[in-house]
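In what follows, a single structure is set out as structure tokens and then discussed.
The residues of the chain are indexed from 1 along the displayed sequence.
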Amino acid sequence: MKRLFIIPVLFLSTSVFAGIYTNDNFKPYIGADFGLNIADYTTNTELNQNFVSATINAGARIGRNFGAELFFSHSATNDVQYLMDYESLDHEIYYQAFGFDIFGYYKISKEFDFFTTFGVANYKIFNKFDYISPTTEQSKKITENEVSTRIGIGLMYTFFGDDASMLIQYQYTPLNNEWIKSMSEFLIGARYIF
């Protein structure tokens, strides 16, 4: 008797989930972004304001006007060295970020979508200081975590067949960190749609 009950349940559940990937209302994807990020520092510094970053992401477009995405981002290191007569101070800074974004899509044409994003991210900021003098050599590393919201806008082009897309995007993140007040991110990316 139990077998007769379990067989229809298994059949119905697998048939429901088997149709997810062929349904136009749910399109999962993976992607990568390359970014130029401009930091607004809290103090006057000779550190470069421009960070180069790489991002990997996975998400899904749900219906025509909605989507959600998880991401992980890593920046290159910015470095500045202060040289005195017999001393030097080397300062390095970089960050890692992970979080999620919610997308709202607005159809412009068959291939083009304008979109807006709202998300929450954890930015882990790494600062390393090396001080060298004739008598001492010291090294200090400070790591800070900042959880922040982020908003963005962008434009997406979907290739014929709906298998891939390209996008350009701007995101603003108010970090309010000890070193970085806010971050403006300009991204170009690609998505592969399953």
Side-chain angles (χ1 to χ4, degrees), residues 6-39 51-76 94-126 145-177 180 182-194:
I6 291 173
I7 290 172
V9 170
L10 288 174
F11 175 75
L12 288 173
S13 63
T14 54
S15 64
V16 167
F17 288 112
I20 274 184
Y21 294 101
T22 59
N23 189 345
D24 286 340
N25 290 328
F26 184 83
K27 295 181 180 178
Y29 62 81
I30 57 172
D33 299 330
F34 177 76
L36 172 65
N37 309 329
I38 302 169
F51 287 85
V52 176
S53 68
T55 303
I56 55 172
N57 43 55
R61 185 147 176 186
I62 304 161
R64 183 177 176 181
N65 300 104
F66 180 73
E69 180 177 285
L70 298 171
F71 71 89
F72 174 77
S73 183
H74 197 296
S75 79
Y94 68 95
Y95 72 86
Q96 295 174 352
F98 64 90
F100 71 92
D101 292 315
I102 296 170
F103 285 70
Y105 295 98
Y106 311 94
K107 206 74 162 158
I108 297 173
S109 68
K110 185 179 177 183
E111 294 86 17
F112 281 99
D113 287 296
F114 173 77
F115 62 85
T116 58
T117 67
F118 176 79
V120 176
N122 181 75
Y123 283 79
K124 192 171 187 178
I125 300 167
F126 299 87
N145 282 296
E146 297 292 339
V147 176
S148 178
T149 57
R150 47 193 244 156
I151 57 172
I153 59 171
L155 190 65
M156 177 180 283
Y157 178 79
T158 304
F159 296 99
F160 295 107
D162 291 340
D163 288 338
S165 60
M166 299 284 295
L167 61 86
I168 54 172
Q169 183 177 0
Y170 167 77
Q171 293 228 30
Y172 175 76
T173 306
L175 279 174
N176 296 318
N177 178 265
I180 301 174
S182 64
M183 186 93 69
S184 292
E185 303 180 61
F186 299 90
L187 304 168
I188 183 167
R191 304 286 184 270
Y192 174 74
I193 303 159
F194 294 105

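The CD1 atom of I151 sits 8.0 Å away from the OH atom of Y172 when rounded to the nearest 0.5 Å. A distance of 14.0 Å separates OG in S109 from CZ in F114, rounded to the nearest 0.5 Å. Separating the OG atom in S148 from the CD1 atom in I180 is a distance of 11.5 Å, to the nearest 0.5 Å. Taking CD1 of I193 as the start and NZ of K27 as the end, the distance is 6.5 Å to the nearest 0.5 Å. The distance from the OG atom of S53 to the CD atom of Q96 is 12.0 Å, given to the nearest 0.5 Å. Within the model, atoms CG of L70 and CD1 of I30 stand 13.0 Å from one another, a figure rounded to the nearest 0.5 Å.
Annotation: side chain of F98 is not in contact with side chain of K124 (no heavy-atom distance under 4.5 Å). Looking only at side-chain heavy atoms (C-beta outward), Y157 and F159 come within less than 4.5 Å of each other. With a 4.5 Å cut-off on side-chain heavy atoms, E69 and F103 count as touching. Contact check for T55 versus N57: side-chain heavy atoms found under the 4.5 Å cut-off. Taking the side chain as every heavy atom from C-beta outward, F115 and I153 never approach each other to under 4.5 Å. I188 has its side chain out of reach of D33: every pair of non-hydrogen atoms, C-beta onward, lies at least 4.5 Å apart.
Closest non-hydrogen pair, N122 versus N145, comes out as ND2-OD1, 3.2 Å. Looking at every heavy atom in both residues, A68 comes nearest to Y29 through O-OH, 3.9 Å. The minimum heavy-atom distance linking N37 with M183 is given by the pair CB-SD, 3.8 Å.
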Show me the donor-acceptor pairs, under 3.5 Å and distance only, between side chains in residues 162-169 and residues at least two apart or in other chains.
none

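The closest donor-acceptor contact from the side chain of N65 to the backbone of Y105 lies under 3.5 Å. The backbone N or O of L175 sits nowhere less than 3.5 Å from a side-chain atom of S182 that would complete a donor-acceptor pair.
In this pair, F51 and Y95 present their aromatic rings perpendicular. The plane angle is above 60°, beyond the 30 to 60° band.
With salt bridges taken as basic N to acidic carboxylate O contacts below 4.0 Å, one links D113 and R61.
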| request: Give the C-alpha distance, both sets of side-chain angles, the deciding distance and a yes or no for side-chain contact (heavy atoms from CB on, under 4.5 Å) between I56 and F71. | output: CA-CA 6 Å; I56 55 172; F71 71 89; over 6 Å; no
| Verdict with reasoning, R150 to Y123, per side chain to side chain donor-acceptor pair (under 3.5 Å) | CA-CA 11 Å; R150 47 193 244 156; Y123 283 79; 3.1 Å; yes
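Looking only at atom types and distance, the side chain of D101 has no donor-acceptor partner in the side chain of T117 under 3.5 Å away.
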